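Worth saying up front: this structure is predicted, and the values here are computed from it rather than measured. Keep in mind that the numbers below use all heavy atoms, side chains included, and drop hydrogens, waters and symmetry copies. Protein chains get the first letters and strands the later ones, always in sequence-line order, with residue 1 at the start of each.
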Amino acid sequence: MTLTRRDVENIAHLARLEITEAELPVYVGSLSAILAFVEQLAAAPTTDVVPMAHPLEGQRQPLREDRVTESDRHGIYQANAPAVEAGLYLVPKVIE
Amino acid sequence: MANGWETVIGLEIHAQLATRSKIFSGSATAYGAPPNAQANLVDLGYPGTLPVLNREAVLMAVRFGLAIGATIAPRSVFARKNYFYPDLPKGYQISQYELPVVARGAVEILLEDGSRKTVGVTRAHLEEDAGKSLHEGLGRMSGIDLNRAGTPLLEIVSEPDMRSAREAVAYMKKIHTLVRYLEICDGNMQEGSFRCDANVSVRRAGAQEYGTRCEIKNLNSFRFVERAINHEVERQVELIEGGGKVVQETRLYDPDRDETRPMRSKEEANDYRYFPDPDLLPLEIDAAFVAELRAGLPELPDAKAARFAREHGLSEYDAGVLTASRELAAYYEEVAAGAGEPKLAANWVMGELSGFLNRDGLEIGVAPVGAAALAGLLKRIVDGTISGKLAKDVFEAMWSERKDADAVIAERGLRQITDTGAIEQAIRDVMAANPGQLADYRAGKDKLFGFFVGQVMKATAGKANPAQVNELLKKLLAGP
Amino acid sequence: MSLHHATAAEIGRGLAAREYSSVEVTRHFLERIERANPALNAFVTVTAERALADAQRADARIARGKGGLLTGVPLAHKDIFCTTGILTSCGSRMLANFVAPYDATVVERLDAAGMVLLGKTNMDEFAMGSSNETSHYGPVRNPWDPARVPGGSSGGSAAAVAARLAPVATGTDTGGSIRQPGALTGLTGFKPTYGRVSRYGMIAFASSLDQAGVLAQSAEDAALVLGAMAGHDARDSTSVDAPVPDYAAGLDRPVKGLKIGIIREFFGDGLEAETGAAVRAAIEAFRREGATVEELSLPNLPLSVPTYYVVAPAECSSNLSRFDGVRFGHRCRDPKDLMDLYRRSRGEGFGVEVKRRIMTGTYVLSAGYYDAYYLKAQKVRSLINADFRRAFARVDVLMGPTAPTPAFAIGAKTDDPILMYLNDIYTIGANLAGLPAVSVPCGLSGGLPVGLQIIGPHFAEERLLAAAHAWQRLTDWHRRMPQGWA
């Protein structure tokens with residue numbers, strides 16, 4: 001798989017990553033190489049093989065009791081926030 | 001709608017599950033808290049935090065599935081739906097994709113012409129709600145409140161089985177009734193606890209293929225659903241008849257302007273990159289657990305309505321109205337049992353009681369006249385203590401003074417006069433006071449009978465037993 | 001013997017015997033860090049004040065007779081574990097201003113054991129790397145040769161313990177990030193079974209592969225620290241609810257009768273000759289001690305690197321979406337709109353390798369490619385898992401090299417990601433199958449340490465630790481220190 005500049009720009013946009021003009025060729029080259037490398041998987045015979053999403057098969061999702069265990073700590077949690085006002089996280093205007 | 005067109009509608013209903021804590025964290029789900037006061041580390045998507053599934057949310061989803069006769073998946077999987085949006089803290093929503101917990105159910109709706117229609121429910125899956133963006137008073141910025149983020153949702157996806165906005169509303173009301181019966185959702189539409197997206201398309205009558213559909217978001221009242229769908233249908237038909245084509249897109253219903261418009265934030269084609277969430281394991285639900293939940297289900301509205309029709313002799317329509325909510329049905333049943341007259345009870349619950357509740361904007365749970373009190377009033381009608389007409393005045397007094405029927409009747413001396421002697425005396429007094437009318441009546445002017453009834457009732461302050469008044473009047477007016 | 005030549009277990013025993021106080025031990029290590037860290041760049045943050053306070057508390061606890069085996073013993077945490085009130089950078093510019101408001105479960109448990117926190121160690125950015133060159137804080141240097149890499153991604157922890165700036169350190173292993181740096185710095189690097197140690201508070205790279213573990217001087221140290229870290233945690237759904245054995249108590253199990261499988265695929269092209277020779281010699285030594293050895297083939301194992309480079313980037317692309325400049329982490333200056341905020345905050349906050357993996361992952365999950373890449377990789381993962389299962393039906397443990405070569409020069413592989421990825425060719429399989437594995441030093445190649453890898457079936461931690469311990473009673477490779485840090 002060889003990616004074009006346009007492909008890489010599209011992926012970068014989907015991933016919300018600004019890629020500079022100077023960086024672009026590096027990614028075009030290395031991402032193409034990585035995809036070519038992983039394409040060797042295509043040759044593996046996997047008919048009827050069940051995909052494995054999790055390393056410990058047979059484990060089931062534990063369930064938590066429906067209890068409120070948290071209190072209001074927004075002041076502490078927002079200490080890491082770049083911009084807050086009146087308890088709200090600020091972002092440039094969202095247009096729906 | 002324009003002739004020659006058929007509308008096709010499918011709904012995706014989002015019901016917030018009435019758990020105390022969030023689906024994947026121990027934060028409270030209460031409505032109306034100060035911004036971000038109910039968003040903990042997990043809800044905020046803090047690095048290193050992990051989701052743990054709320055048992056109650058699973059139980060509620062299964063109960064819903066059982067109520068619509070659906071299959072409960074013995075194994076379902078949580079997936080991540082990836083997209084960037086400020087109200088989505090992790091950059092993905094935990095949802096269910098390929099393997100939902102509930103699949104293939106159906107509900108029946110009653111159409112206006114009295115016929116019934118089955119609407120298929122493709123699936124219902126568990127997912128987490130997003131937060132809210134606020135746009136007022138922050139200048140060029142929006143503010144993000146993540147209190148709602150992580151609130152459990154049951155997304156209920158219908159088949160494209162509805163053919164009009166009215167049918168869509170009937171279906172939505174049906175689901176609304178059901179989730180409240182099951183006590184899995186408070187159904188509060190103003191607060192967004194129950195809302196829906198509508199997929200709408202049109203096609204020429206008789207066509208087999210579906211038309212291109214648009215998804216209308218942000219529908220949080222029955223009225224908006226109806227209006228938005230009708231507008232969208234009109235827009236699509238006009239577009240096609242004008243030689244244009246419907247473009248598949250997400251549109252937003254704007255209730256202030258009563259129109260739909262394309263959502264700017266959803267302009268680009270979405271590629272959600274769903275994949276199984278590696279932080280969660282497959283959700284396994286065994287048959288014994290399902291059986292236990294099935295046994296614990298309450299009587300559901302359809303069954304209850306059928307029973308009311310069968311055992312109480314109510315019309316299908318009345319039975320439907322009275323089972324619209326579990327509280328209303330319970331109220332009615334208590335009144336009917338207490339008064340011993342189901343039809344009388346039904347008339348009063350749907351008439352006076354509903355009228356007063358509407359007038360005062362009250363829920364039935366806080367009605368000033370409780371079921372036992374209303375039954376007490378109806379008993380006094382049945383045993384002839386008061387007339388039906390007087391009962392309405394008594395009811396009004398009970399409502400405003402919060403007293404029981406007997407107290408109001410006693411206080412106001414409204415007890416019906418059934419003593420023949422007393423009624424006869426009243427009639428004689430009226431006859432004596434109105435000799436002209438009496439002569440006319442006896443000369444054949446039968447219509448004056450009503451006049452005498454009125455005079456007697458007036459003279460007894462409405463308390464004379466009407467049947468006895470009739471009988472005695474006839475006898476005495478006929479002459480000596 | 002100077003304090004820093006002692007293992008964590010030895011320090012623990014010395015503390016219990018009141019030979020010295022935790023404050024003395026802690027001061028000793030803080031001085032060593034101050035002296036050596038500028039040359040090694042192993043620490044991102046040194047928590048001197050906190051360490052001394054921890055040490056005082058530990059001394060008081062020991063004085064009350066309430067100390068455990070690790071009480072008062074200093075350690076360093078990889079900077080991927082959240083620590084309340086302390087910078088938790090994950091080696092990234094994105095989190096260069098991030099002060100965690102909570103403790104990871106691992107941190108909480110080692111704290112409860114009375115261990116003393118010396119600081120947070122450098123690492124490849126978001127644990128993505130095999131050389132510790134992708135850190136925002138610059139490369140870590142290998143104490144055995146400062147021109148060379150210490151391995152990655154837990155390179156800071158490895159360098160710190162190898163130069164004895166800390167007796168022991170935590171690490172995380174997604175594709176070999178504990179074992180490979182362990183091998184390259186002459187340490188015992190232990191990665192437990194997936195789910196054995198809670199992932200809560202450990203900043204996620206690839207959730208189905210990540211597992212916390214230990215970089216230690218000995219199997220005994222690994223056993224002690226692992227025992228204190230491990231166990232069920234209700235905050236991590238993937239954490240296993242099973243009792244934790246007393247790992248230290250099981251160390252003396254004999255090697256005699258141990259059935260060892262040699263993975264044939266691990267001895268092919270690409271394995272440096274001296275490394276291969278050292279590993280074979282080690283396995284031969286086990287045979288002499290009474291173990292049986294047979295060669296096995298795991299035919300799908302060579303596909304583990306391509307499988308990993310689909311699965312891990314896919315998970316990381318999603319895991320790292322939360323870094324969006326809104327609630328924490330780097331935010332670009334004066335974003336002109338929401339899109340600009342996202343693109344520039346993330347573009348500036350993440351380094352080249354992280355962006356490369358996010359884009360790889362985004363691509364393999366995207367519409368039209370999911371089946372060919374992601375789903376296919378999940379199926380091959382199944383095949384690799386089945387290979388291991390078959391192998392463990394025949395043998396107790398599998399052995400082979402940890403890394404194909406000893407430590408390489410800084411900068412040697414930075415321009416070729418695939419060459420870099422192939423460093424993990426022997427370690428990734430255990431992550432894909434969720435298996436416990438340990439690397440123990442077993443010789444030198446060109447004067448640089450070589451690691452022997454021992455892989456076991458799920459929850460065979462005791463068996464691996466006993467084998468590693470037996471080896472360390474037989475040899476003194478684990479006692480060798482690099483020159484110049486005495």
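Here OG1 of A:Thr47 is found 8.0 Å from NZ of C:Lys379. Values are rounded to the nearest 0.5 Å. Atoms CG and CE, from C:Leu432 and A:Met52 in turn, are 7.5 Å apart once rounded to the nearest 0.5 Å. For the atom pair CZ of A:Arg16 and CD1 of C:Ile358, the computed distance is 13.0 Å after rounding to the nearest 0.5 Å. One finds the CZ atom of C:Arg356 at 10.5 Å from the CD1 atom of A:Ile19 (value rounded to the nearest 0.5 Å). To the nearest 0.5 angstrom, A:Thr46 atom OG1 is 12.0 Å from C:Gln378 atom CD. Rounded to the nearest 0.5 angstrom, A:His13 NE2 and C:Met339 CE are separated by 4.0 Å.
Using a 4.5 Å cut-off between heavy atoms, C:Val311 makes no contact with chain A at all. For a residue to count as touching a neighbouring chain, one of its non-hydrogen atoms must lie under 4.5 Å from one of that chain's; by this rule C:Thr307 touches chain A with backbone and side chain alike. C:Ala377 touches chain A through backbone and side chain together, each having a heavy atom under 4.5 Å away. In this structure, chain C has heavy atoms under 4.5 Å from both the backbone and the side chain of A:Phe37. Within the 4.5 angstrom heavy-atom criterion, atoms from both the backbone and the side chain of C:Leu338 approach chain A. For A:Ala83, the parts lying under 4.5 angstrom from a heavy atom of chain C are both the backbone and the side chain. Only the side chain of C:Ile418 comes within less than 4.5 Å of a heavy atom of chain A; its backbone N, CA, C and O stay farther away. Neither the backbone nor the side chain of C:Phe388 comes within contact range of chain A, judged by heavy atoms closer than 4.5 Å. When heavy atoms are compared at a cutoff of 4.5 Å, C:Phe350 approaches chain A solely by way of its side chain, counted from C-beta outward. With a threshold of 4.5 angstrom between heavy atoms, C:Phe323 does not approach chain A through any atom at all. When heavy atoms are compared at a cutoff of 4.5 Å, A:Arg64 does not approach chain C at all. Proximity to chain A is limited to the side chain of C:Leu422, based on heavy atoms less than 4.5 angstrom apart. Within the 4.5 angstrom heavy-atom criterion, only side-chain atoms of C:Tyr421, from C-beta onward, approach chain A. Proximity to chain C is absent for every atom of A:Gln78, based on heavy atoms less than 4.5 angstrom apart. Of the two parts of A:Gln40, the backbone and the side chain both hold a non-hydrogen atom closer than 4.5 Å to a non-hydrogen atom of chain C.
Shortest non-hydrogen contact noted between C:Gly329 and A:Pro82 is O-CG, 4.0 Å. Minimum heavy-atom separation, A:Gln61 to C:Ser237: NE2-OG, 3.0 Å. The shortest non-hydrogen separation linking A:Tyr89 to C:Val326 is CD2-O, 3.6 Å. Nearest heavy-atom pair, C:Pro417 versus A:Ser30, reported as atom, atom and distance to 0.1 Å: CG-CB, 3.8 Å. Shortest non-hydrogen contact noted between A:Ala44 and C:Lys376 is O-NZ, 2.7 Å. Taking all atoms of both residues into account, the shortest heavy-atom contact from C:Ser208 to A:Ala53 is CB-O, 3.7 Å.
A donor-acceptor pair under 3.5 Å is absent between the side-chain atoms of C:Tyr373 and the main chain of A:Glu39, judged by distance alone. Checked by atom type and distance alone, the side chain of A:Asn80 pairs as donor or acceptor with a backbone atom of C:Val99 at under 3.5 Å. Formation of a donor-acceptor pair under 3.5 Å by the C:Arg346 side chain with backbone atoms of A:Ala15 is found in this model.
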Requested in this report: Just do the side-chain hydrogen bond (donor to acceptor under 3.5 Å, both in side chains) check on C:Tyr342 and A:Glu18 with the steps written out, would you?
Outcome: CA-CA 8 Å; C:Tyr342 284 152; A:Glu18 182 101 314; over 6 Å; no
Requested in this report: Report the C-alpha distance between A:His54 and C:Tyr194 in whole Å, list the side-chain angles of each, state the deciding distance to 0.1 Å, and finish with yes or no for side-chain contact (heavy atoms from CB on, under 4.5 Å).
Outcome: CA-CA 10 Å; A:His54 195 272; C:Tyr194 182 86; 3.5 Å; yes
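Considering only heavy-atom pairs separated by less than 4.5 Å from chain C, the leading option among A:Leu31, A:Leu41, A:Ile11 is A:Leu41. Heavy-atom pairs under 4.5 Å with chain A were tallied for C:Leu375, C:Leu341, C:Asn385, C:Val310; the largest tally goes to C:Asn385. Between chain A and the options C:Thr362, C:Asn97, C:Thr238, heavy-atom pairs under 4.5 Å are most frequent for C:Thr362. Ranked by heavy-atom pairs under 4.5 Å with chain A, the first of C:Ser382, C:Ala234, C:Gly325 is C:Ser382. The most heavy-atom pairs under 4.5 Å with chain C, out of A:Leu56, A:Val50, A:Ile76, A:Leu3, come from A:Leu56.
The shortest distance between side-chain heavy atoms of C:Tyr363 and A:Asp7 does not fall below 4.5 Å.
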